[in-house]
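In what follows, every heavy atom counts, from backbone to side chain, and hydrogens, waters and symmetry copies are set aside.
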Amino acid sequence: QVQVVESGGGLVQPGGSLRLACAASGDRFALDNFNIGWFRQAPGKERERISCISSTDERTYYSDSVKGRFTISRANAQKSAYLQMNSLKLEDTAVYYCAISLYSDQGTCPAGRSTYWGQGTQVTVSS
């Protein structure tokens, strides 16, 4: 069984920064083999895929809404992934989720039935 836990959310002013962490655990588990994605869901909006990093060559994906401001990374030895968020805007307010999977849609983002999700962490950008 695989467990995924996000942390690092909180309240930040516009223009500020936050670093989210995604910690994975499990028996006979190696994060190296998993594709990792960050998603978010704001009130009244659909869940949005914002960033991914692949399990093989660490190819990355960023949505237009965060490209140039957010950076995804992974530390396989720590079984962790991170999302550095800079220049935060009011529109970034959402619950942020981490997901991992052995499978991918286009070789980068997690996809398929065997996708493990964290519980989410709240990010609130407010002046």
Examine distances only and state if a side-chain atom of S80 and a backbone atom of A75 form a donor-acceptor pair shorter than 3.5 Å. no
Exam field: side chain T93 to backbone V125, donor-acceptor pair closer than 3.5 Å: yes
Non-hydrogen atoms of G107 and S54 that approach each other most closely: O-CB, 3.1 Å
Nearest heavy-atom pair of A99 and P110: which atoms, and what distance? O-CG, 3.7 Å
The side-chain contact (heavy atoms from CB on, under 4.5 Å) partners of S104 (sequence neighbours excluded) come to N35
Tell me every residue that passes side-chain contact (heavy atoms from CB on, under 4.5 Å) with D64, counting only those two or more places apart in sequence or in another chain. none
Rounded to the nearest 0.5 Å, what separation is found between the [atom1] atom of [X] and the [atom2] atom of [Y]?
{"X": "T124", "Y": "L90", "atom1": "OG1", "atom2": "CG", "value": "11.0 Å"}
{"X": "I100", "Y": "S114", "atom1": "CD1", "atom2": "OG", "value": "11.0 Å"}
{"X": "K67", "Y": "I50", "atom1": "NZ", "atom2": "CD1", "value": "13.5 Å"}

Hydrophobic cluster partners of Y82 (side-chain heavy atoms under 4.5 Å): none
By side chain to side chain donor-acceptor pair (under 3.5 Å), which residues pair with [X], not counting sequence neighbours?
{"X": "T60", "result": "none"}
{"X": "N76", "result": "R74"}
{"X": "S87", "result": "none"}

Not counting sequence neighbours, list each pair that qualifies as a disulfide bond (SG atoms under 2.5 Å apart) and has a residue in residues 47-90. C52-C109
Could you state whether L31 and I72 fall into the same hydrophobic cluster, counting links through intermediate Ile, Leu, Val, Met, Phe, Trp or Tyr residues with side-chain heavy atoms under 4.5 angstrom apart? yes
Close side-chain approach of V4 and Y97, heavy atoms under 4.5 Å: no
Just wondering, do V66 and L83 contact through their side chains at under 4.5 Å, heavy atoms? no
How far apart are the C-alpha atoms of S63 and S65, what are their side-chain angles, what is the distance that settles it, and do they pass the side chain to side chain donor-acceptor pair (under 3.5 Å) test? CA-CA 5 Å; S63 68; S65 60; 2.9 Å; yes
Pairs flagged by salt bridge (Lys or Arg N to Asp or Glu O under 4.0 Å) wherever residues 105-127 is involved - sequence neighbours left out: R49-D105
The complete set of salt bridge (Lys or Arg N to Asp or Glu O under 4.0 Å) pairs with one or both residues in residues 91-102, sequence neighbours excluded, reads R40-D92, R69-D92
Quick note, ring pair (Phe, Tyr, Trp, His ring centres under 6.0 Å) partners involving residues 23-62, not counting sequence neighbours, are F29-F34, F39-W117
Please tabulate, for the side chains in residues 5-28, all donor-acceptor contacts under 3.5 angstrom to protein atoms that are two or more places apart in sequence or on a different chain.
{"unit_1": "E6", "atom_1": "OE1", "unit_2": "Q119", "atom_2": "N", "d": "2.9"}
{"unit_1": "E6", "atom_1": "OE1", "unit_2": "G120", "atom_2": "N", "d": "2.8"}
{"unit_1": "E6", "atom_1": "OE2", "unit_2": "C98", "atom_2": "N", "d": "2.6"}
{"unit_1": "E6", "atom_1": "OE2", "unit_2": "G120", "atom_2": "N", "d": "3.4"}
{"unit_1": "S17", "atom_1": "OG", "unit_2": "N86", "atom_2": "OD1", "d": "2.9"}

